[in-house]
Structure formats: structure tokens, C-alpha cells
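Note sheet for the following structure.
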Amino acid sequence: MAYRMLPEWAPHKRTWMAWPNNPDTIEPIGTDEDAHRAWANVANAIARFEPVIMICNHGHGAHARTHLDGNVSILETELGDSWMRDFGPTFVVDDVTGALGAVDWTFNGWGGRTFPDCSADAEIAAFVARQAGAERIPSKLVNEGGGIHVDGQGTLFVTETVQMNRNRNPSWTRAEIEAELHARLGTNTTVWVPRGLLADTVAGGTDGHVDTLAAFVKPGVVVVHGQPDSAHPDHEAAKEIAAVMRAAKDAAGNPLEVIVLDAPTPTFDAHGDEETASYVNFSFVNGGIVLCAFGDPKDEDVAGLFRRLFNDREVVSVDAVPIFKGGGGVHCITQQEPLCAGNSNA
């Protein structure tokens with residue numbers, strides 16, 4: 001079969017999430033309740049538009065039920081962490097038959113950061129694939145879902161500090177990585193971003209996932225992370241990301257229209273370290289868009305921009321400060337399952 005990853009704005013069957021239970025994720029956020037409320041707020045916001053399935057660790061489902069709306073279903077299995085975008089499957093569709101596939105990347109805990117304690121997460125993609133009735137498509141490439149982004153028309157975004165990192169694929173060449181990604185995603189053109197944001201390089205980071213850096217919002221239109229403060233450690237990286245995107249062409253050979261989303265005013269964690277927040281880390285849902293909000297005046301500016309871009313979608317903003325304290329954003333904790341002939345009755 002010739003599988004292809006659809007753009008995230010294509011119709012969804014549902015969204016998959018994972019309930020927080022890892023102390024290393026919860027502790028920076030605050031209490032268990034703080035983390036559970038943050039994840040539930042996202043799930044309940046999405047459930048207004050499409051079904052949500054929340055995967056919980058064994059014995060945690062009943063407690064999760066008290067936080068989640070009725071349109072959120074719960075499944076229990078062994079679970080290590082709560083970043084469904086990364087260890088969940090990347091869903092793909094066969095354009096001819098409409099069959100649903102699920103790419104199961106090799107997951108090693110973001111370069112070994114959460115292994116062996118959270119090694120159960122490496123089994124979640126296969127579990128979700130079974131539940132969705134999708135064909136599991138295994139890949140030997142060490143990769144996470146937040147490390148890739150596509151336009152559904154052949155173009156792929158990745159970062160050198162993720163896929164080419166020695167903590168993931170030390171023996172793979174750039175050409176071999178591209179070939180595997182293209183084979184699994186149905187793409188043919190790669191835009192490589194050299195690096196991610198500084199806060200993403202620490203022990204709790206991802207080495208620079210692209211889903212905080214750049215994302216297609218329409219064919220040929222990309223939003224990128226901006227950092228206007230010249231004293232900020234991400235200022236030069238943000239300029240570099242925008243420059244890469246402005247110089248790039250999509251699979252059709254067309255230049256990209258680049259829209260910069262300036263970061264909110266930085267906040268600081270309990271240790272005085274600057275936290276990096278990104279408006280790029282949003283999620284499409286059926287008939288809507290769920291944005292990250294940070295209690296910053298820029299929140300409404302970004303929401304207004306998205307309303308102008310999508311007058312046919314409802315734009316909803318959800319408090320993402322606690323999620324970013326844990327290590328990610330709205331996009332990081334969600335994984336869309338596209339609607340296709342293979343799951344239309346599932």
C-alpha cells in the first residue's frame with residue numbers, strides 16, 4: 001500500500017491523549033491535580049469538536065473520569081508518561097483503498113531521557129494501532145511524532161538536532177533518514193531546521209522538536225516561532241528558523257509564505273530558569289483550532305490571527321502554562337487520527 005500522512009487540518013475520526021502519571025512530568029507543574037486539570041482542560045476543549053480517547057495507566061481511569069467530559073472515552077494500559085504526540089503512532093492513510101495505517105517509530109524516551117523507567121511508552125503506538133483497527137507499520141528509525149510535520153502534499157519538516165542526534169540514530173546518514181521518513185509518510189521533500197529552542201535541550205527536553213518551531217496552517221503557509229527580544233537565548237535560533245523557511249520550497253517547488261508568531265513574555269520556573277513557550281504548538285480539530293494561551297496580551301493577538309486565517313473554524317484558547325512547565329504544549333499531548341474509509345465505521 002502507498003500510505004501518506006494527511007495534513008492535520010484534514011477531517012479527524014478522533015484525538016488520542018494520555019493521562020499524566022509520571023512524577024518527572026508532574027513535579028514541575030505542581031500537584032497531581034494541577035497536571036490532571038491541565039490535560040483535562042485540553043481534552044474537554046477538543047471533545048466539543050470530536051471524540052477523544054484518553055489512555056490511562058492501570059487503575060487511574062476512575063479518577064480521570066471525574067475530570068473528563070462524556071465525549072472523552074477512557075482506556076487503561078501500562079503507561080509511562082503523557083506525551084501522546086511523541087510515543088503514539090503517526091497515522092497514515094492509503095489514498096487508493098482508504099485503509100488506515102499507524103507508523104510505529106522506534107521510541108527510546110527522547111534519546112534515553114525517560115528510559116528504562118517509562119519504557120512502557122514504546123508499546124503505546126502498537127496498542128493504539130490495535131484499538132483503532134489500523135495496520136501497524138514498524139520503523140527502525142528512532143523518532144517522535146513531535147519531531148515531524150507535513151503539509152500532506154509531499155513536504156516534511158524535521159530538525160537536525162532530533163533525527164540526526166547520536167542519542168537516536170547514530171549510524172544513520174541524512175539520506176537514510178530522509179528515505180525512511182519519506183517511505184513511511186508519503187513525502188518527498190524535506191526541510192531541515194538546524195536546531196530547536198534552548199529550553200528543549202535540557203534533561204527534560206526533546207533536543208528540538210519541530211512542533212514548537214514551525215507548522216503548516218494551509219498549503220504553502222507556515223507559522224514559525226518568533227523571539228523579538230535580542231537578549232533572549234532563542235533570539236538567534238528563531239531568526240534562523242524563519243530564514244530557513246523563507247528560503248525553502250515545498251514539494252511543488254513553491255516558496256512558503258511565513259507568518260511569525262512572537263513568543264509570549266518569558267516566565268521562570270522555581271529554579272529561576274527561563275521557560276520557553278510557543279504559540280506554534282497548537283492542534284487542529286474538526287471545525288476548530290485549539291491554541292495555547294499563556295495569560296499574555298499576545299494570546300488574543302494570536303487568536304485573532306487564526307480567526308482571520310480560518311473564518312470557517314472556531315478558535316479556542318486553553319491555558320498551556322502548566323503543560324509547558326511539564327515539557328510541552330497542546331500539540332505535544334494530542335495525536336489526531338484522520339477519518340478515512342478504513343475507520344469510518346470504527
Side-chain angles (χ1 to χ4, degrees), residues 1-5 16-18 22 24-25 55 57 77-93 100-132 134-150 156-188 190 192-193 195-196 200-201 203-213 327-328 331-337:
M1 292 187 181
Y3 283 112
R4 175 174 66 99
M5 183 179 178
W16 293 80
M17 297 180 64
N22 180 8
D24 289 339
T25 296
I55 295 180
N57 213 341
T77 191
E78 188 175 358
L79 182 67
D81 214 321
S82 48
W83 308 101
M84 180 57 76
R85 175 69 51 178
D86 291 347
F87 52 68
T90 297
F91 287 105
V92 291
V93 175
L100 181 68
V103 181
D104 185 356
W105 310 105
T106 298
F107 180 69
N108 74 346
W110 301 276
R113 286 172 167 87
T114 65
F115 274 34
D117 295 346
C118 296
S119 57
D121 292 337
E123 306 300 323
I124 294 299
F127 173 81
V128 171
R130 290 193 298 271
Q131 297 296 321
E135 178 187 358
R136 175 179 171 266
I137 304 169
S139 173
K140 294 182 179 180
L141 183 72
V142 178
N143 184 48
E144 301 95 44
I148 55 175
H149 190 78
V150 303
L156 166 69
F157 294 163
V158 291
T159 48
E160 294 179 8
T161 49
V162 174
Q163 283 81 10
M164 294 186 67
N165 200 311
R166 292 189 60 80
N167 65 16
R168 288 174 172 82
N169 301 295
S171 65
W172 291 61
T173 66
R174 181 189 293 252
E176 289 169 338
I177 291 170
E178 286 194 7
E180 177 66 5
L181 289 167
H182 292 331
R184 302 306 174 193
L185 301 173
T187 51
N188 55 51
T190 310
W192 286 92
V193 177
R195 55 176 168 157
D200 214 9
T201 64
T206 70
D207 296 309
H209 273 181
V210 78
D211 67 353
T212 60
L213 309 177
H331 192 261
C332 300
I333 66 174
T334 58
Q335 180 62 271
Q336 75 281 350
E337 178 187 337

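Just so it is clear, the model here is predicted, and its values are computed rather than measured. Sequence positions, counted from 1, serve as the residue numbers for this chain.
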For a quick test of reading the model, state the closest non-hydrogen atom pair linking [X] to [Y] and the distance between them.
| X | Y | value |
| --- | --- | --- |
| Ala102 | Pro89 | CB-CB, 3.7 Å |
| Arg136 | Ala129 | CB-CB, 4.4 Å |
| Thr161 | Gly208 | OG1-CA, 4.2 Å |
| Trp105 | Thr90 | NE1-OG1, 2.9 Å |
| Leu181 | Ile148 | CD2-CG2, 4.1 Å |
| Ala134 | Gly101 | CB-C, 4.0 Å |

Which distance, rounded to the nearest 0.5 Å, do you find between the [atom1] of [X] and the [atom2] of [Y]?
| X | Y | atom1 | atom2 | value |
| --- | --- | --- | --- | --- |
| Trp110 | His209 | CH2 | NE2 | 8.0 Å |
| Thr190 | Phe157 | OG1 | CZ | 10.5 Å |
| Asn169 | Glu180 | CG | CD | 9.5 Å |
| Asp200 | Thr159 | CG | OG1 | 8.5 Å |
| Ile177 | Met164 | CD1 | CE | 5.5 Å |
| Arg166 | Ser171 | CZ | OG | 9.0 Å |

Criterion side chain to side chain contact (heavy atoms under 4.5 Å, CB included) on Met84 and Ile333, from CA distance to verdict:
CA-CA 5 Å; Met84 180 57 76; Ile333 66 174; 5.9 Å; no

Are any of the side-chain nitrogens in Arg168 or Asp207 under 4.0 Å away from the carboxylate oxygens of its partner?
yes

Between Ile55 and Thr77, does the side chain to side chain contact (heavy atoms under 4.5 Å, CB included) criterion hold? Intermediate values first, please.
CA-CA 7 Å; Ile55 295 180; Thr77 191; 3.7 Å; yes

Within the distance-only criterion (no hydrogens, no angle test), does the side chain of [X] pair as donor or acceptor with the backbone N or O of [Y] below 3.5 angstrom?
| X | Y | value |
| --- | --- | --- |
| Asp81 | Gly109 | no |
| Arg85 | Gly146 | no |
| Arg113 | Gly205 | yes |
| Thr106 | Ser139 | yes |

Test side chain to side chain contact (heavy atoms under 4.5 Å, CB included) on Tyr3 and Arg184 and set out the steps.
CA-CA 7 Å; Tyr3 283 112; Arg184 302 306 174 193; over 6 Å; no

Side chains of [X] and [Y] in contact at under 4.5 Å (non-hydrogen atoms):
| X | Y | answer |
| --- | --- | --- |
| Asp24 | Thr114 | no |
| Trp83 | Thr25 | yes |
| Val92 | Arg4 | no |

Hey, are Trp192 and Glu178 close enough side-chain-wise for a donor-acceptor pair under 3.5 Å?
yes

Do you see a donor-acceptor pair shorter than 3.5 Å between the side chains of Asn143 and Gln163?
yes

One pair to check against side chain to side chain contact (heavy atoms under 4.5 Å, CB included): Asp121 and Leu79. What are the steps and the verdict?
CA-CA 6 Å; Asp121 292 337; Leu79 182 67; 3.8 Å; yes

Count the heavy atoms belonging to other residues, nucleotides or ligands that lie under 6.0 Å from CD of Glu176, then report whether that count exceeds 12.
yes

